[in-house]
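Because only heavy atoms are used, hydrogens play no part in the values below, and waters and symmetry mates are left out as well, while side chains stay in. Residues take their numbers from the sequence shown, with the count starting at 1.
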Amino acid sequence: MSSDNKTSKLTMKEIILKGSIIAVIVTVPSITTFAISWFILDNLMQAAIIGGVIHFIAMGFSLKISKKLLVKKESK
C-alpha cells in the first residue's frame, strides 16, 4: 500500500466536541418539548409520549448531521 491512501483520522478532542454537539441536538429539543407539554397539558404520560416522539425525530436528524460532522476533510 502506498502512503497516498492514508485516511486522516479525527483526534480525540474533535470526537468529543462533535459528539457533544450531536448530543445537544438530540436532547435539548426532547427535554424542552417534554417540559413545555407537561406544563401546558399537566399530564405526565402525554408529555412523556410527546417528548419521546420528538426525541426519535431529533435522533433521525442527528444521524444525518453526524455523517457530515464526523467525516474529516482531507487536505491535499
Side-chain angles (χ1 to χ4, degrees):
M1 296 203 134
S2 67
S3 62
D4 294 336
N5 290 336
K6 285 186 178 179
T7 57
S8 54
K9 295 187 177 188
L10 294 170
T11 64
M12 185 60 75
K13 184 178 179 181
E14 290 174 327
I15 291 172
I16 292 171
L17 176 68
K18 292 177 180 185
S20 298
I21 292 169
I22 293 169
V24 167
I25 291 171
V26 172
T27 56
V28 169
S30 58
I31 290 174
T32 54
T33 303
F34 168 74
I36 291 170
S37 60
W38 190 15
F39 179 75
I40 292 172
L41 298 174
D42 198 29
N43 187 335
L44 182 63
M45 286 305 294
Q46 286 180 347
I49 292 170
I50 293 169
V53 168
I54 297 299
H55 182 73
F56 283 106
I57 291 171
M59 283 180 18
F61 282 115
S62 72
L63 179 64
K64 293 178 182 180
I65 293 169
S66 68
K67 286 181 181 178
K68 292 180 183 177
L69 276 180
L70 295 177
V71 174
K72 187 165 187 168
K73 307 255 193 277
E74 290 188 32
S75 57
K76 292 183 178 182

Scan residues 57-66 for pairs that pass side chain to side chain donor-acceptor pair (under 3.5 Å), counting only residues two or more places apart or in two chains. none
Those residues that, when tested against Val28, pass side-chain contact (heavy atoms from CB on, under 4.5 Å) (two or more places apart): Val24, Thr32
Contacts of Ile16 that satisfy side-chain contact (heavy atoms from CB on, under 4.5 Å) - sequence neighbours left out: Met12, Ser20
Distance col, row Ile65:CD1 vs Lys18:NZ, nearest 0.5 angstrom, shows 13.0 Å
What side-chain donor-acceptor pairs closer than 3.5 Å can you find for residues 37-53, not counting sequence neighbours?
residue : atom : partner : partner atom : Å
Ser37   : OG   : Thr33   : O            : 2.8
Ser37   : OG   : Phe34   : O            : 3.1
Asn43   : OD1  : Met45   : N            : 3.1

Give the other cluster members for Leu63, using side-chain heavy-atom distances under 4.5 Å between Ile, Leu, Val, Met, Phe, Trp and Tyr residues; answer none if it is isolated. none
Who passes side-chain contact (heavy atoms from CB on, under 4.5 Å) against Leu17, sequence neighbours left out? Ile21
